[in-house]
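Bear in mind the structure is a predicted one, so any value in this text is a computation, not a measurement. Both counts, for ligands and for their atoms, begin at 1 and track the order of listing.
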Amino acid sequence: MFDTPGEKRISRGYAYAKEAYATLGVDTDTVLKKLAAIPVSLHCWQGDDVGGFENLSAASGGGIQATGNYPGKAGTPDELRQDAEKALSLIPGRHRFNIHAMYAETGGKKVERDALEPGHFQNWVDWAKDKGLGIDFNPTCFGHPKADDGFTLAHYDAGIRNFWIDHCIACRKIGAAIGKALGVPCVTNLWIPDGYKDVPVDRYRSREILQGALDVVFEEEIDPACNLDAVESKLFGIGSESCVVGSHEFYMGYALTRNKLLCLDAGHFHPTEVISDKISSVLLFLDEILLHVSRGVRWDSDHVVTLTDELRAIAEEIVRNDFLNRVHIGLDFFDASINRIAAWVIGTRSMIKALMIALLEPTAHLRELEQAANYTARLALLEELKTLPFGAVWDYYCLSSNVPPAGAWMHDVMDYEKQVLANRG
Ligand code: RNT
Ligand code: ZN
């Protein structure tokens, strides 16, 4: 390593950056050690446009939709794992993989969602073990005939409601089995699409029904060493513009009173509202939270995560407050208009880059300035930090993690596209 002219350039760049950060009292080597220990949960559904492998219907339903038709989408679990492996080989660090119930492998047999068992996810567990990955899990309460009218756990019909309750109970057991098998807890996140296209008359009753259903889902205690339950709120979806039953206030209250993880999805609030500002509030009252880091453009569009101000702010909130053990960082985006492996790589590398930049900050000094009400110096320093050579630190991190640095990984993706993706039907 560090023999080729390109690698030598990265090595020289790092030496310069190390000195530059040292003048601020920041040790870049320590930063990179910390960074390497932060897992990011890559969502499997970027790889197949939220399709799953149950052959039910092409569309995801539930008001979420991947747009685009870039060729080469994964059509089988093996293809999806192969694609994920490719993406992971271009991402520094050790991470997690987030799957949905609809990615079950039932050996060609039709298994209803309320009858799913840990065995249907054995291939995922074996794969994760082999690759040193953790796994997170999700019930799939959409893209199914029993969810076609947009209601699941909050359905007025007890038959349909119970079907989804049973599905969610099955999923918690699957999560627990996964966590047990891998020796690290699985975060099982519950999101349901339930909501009204037009103005409802009785919001309270719908929310009361949801509360009751959730209490049944969560009745059985599960060892938190195996499974952690999270609940995800939303403001609106396609077809649920007027009222989403599982709103922020609903799940905030639910998580607080039932000791659950709250999942904050970056696209699930008013367009000018940001989740970075919520982390410090909710963590005053909750032990742990889950993030669905996403990028909404004008609405909950789930664009690929990029290094935006908000992404940086999210990372800063986690790092500055030492919340790394209380915030589970998951990604949630799906873009079918570009190479799907590149989408994973861009989004995950951006997340890690944001965490690195936050770790490179001389936070203690900034805090002192703030406490002394020296807002002038605080602003001046925050601005100066923006042009420090973090790109050189990033390239060095990639290279020393055996991952291509900036500008190099796209060649791998293009080769893979020619050799693998182009041959898919
Ligand atoms: C939908 C939620 C949810 C899904 C995934 C597929 O608005 O964000 O998290 O994106 O479960
Ligand atoms: Zn989400």
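- Between N189 and ligand 1, no N or O atom pair is found at a separation short of 3.5 Å.
- Under a 4.0 angstrom heavy-atom cut-off, H100 registers as being in contact with ligand 1.
- With a heavy-atom cut-off of 4.0 Å, D300 touches ligand 1 through its side chain alone.
- At the shortest separation from atom 8 (O) of ligand 1 among protein heavy atoms lies D332 OD2, 2.8 Å.
- Partner of R378 under the side chain to side chain donor-acceptor pair (under 3.5 Å) criterion, out of E370, E383, E368: E370 alone.
- Residue H292: an N/O/S atom is found under 2.8 Å from the Zn ion (ligand 2).
- At a 3.5 angstrom cut-off on N or O pairs, N138 does not count as close to ligand 1.
- The atoms of ligand 1 that sit less than 4.0 Å from any heavy atom of I64 are 1 (C), 7 (O).
- In K234, the part holding a heavy atom less than 4.0 Å from any atom of ligand 1 is the side chain.
- Ligand 1 has no N or O atom lying under 3.5 Å from any N or O atom of W191, backbone or side chain.
- R81 has a carboxylate O that lies under 4.0 Å from a charged side-chain N of D78, or vice versa, which qualifies the two as a salt bridge.
- Nearest to the Zn ion (ligand 2), among the N, O or S atoms that D265 has, is OD2.
- Ion pairing of E310 with R295 is absent here, as no side-chain N (NZ or NE/NH1/NH2) approaches a carboxylate O to less than 4.0 Å.
- Near H292, with a cut-off below 4.0 Å to any heavy atom, the atoms of ligand 1 are 9 (O).
- Nearest protein heavy-atom contact of atom 9 (O) of ligand 1 is E232 OE1, 2.7 Å.
- Relative orientation of the F218 and Y254 rings is tilted, given thresholds of 30° and 60° on the angle between their planes.
- Between F236 and W299, the ring planes are tilted. Angles from 30° to 60° get that label.
- For ligand 1, the atoms sitting less than 4.0 Å from at least one non-hydrogen atom of H268 are 1 (C), 2 (C), 7 (O), 8 (O), numbered in the order shown with element in parentheses.
- Note on K234 versus D265: no salt bridge recorded, every NZ/NE/NH1/NH2 to OD/OE distance being 4.0 Å or above.
- For D49 and R340, the salt-bridge test passes: some basic side-chain N is under 4.0 Å from an acidic carboxylate O.
- Proximity to F334 (heavy-atom distance under 4.0 Å) selects the following atoms of ligand 1: 10 (O).
- One finds an angle of 170° at the Zn ion (ligand 2) between OE2 on E232 and OD2 on D332, to the nearest 10 degrees.
- With hydrogens and angles left out, the side-chain atoms of S206 and Y196 include a donor and acceptor closer than 3.5 Å.
- Note that the CG atom of N138 and the CH2 atom of W45 stand 4.5 Å from one another [nearest 0.5 Å].
- With ring centers used as reference points, F151 lies 6.0 Å or more from W164.
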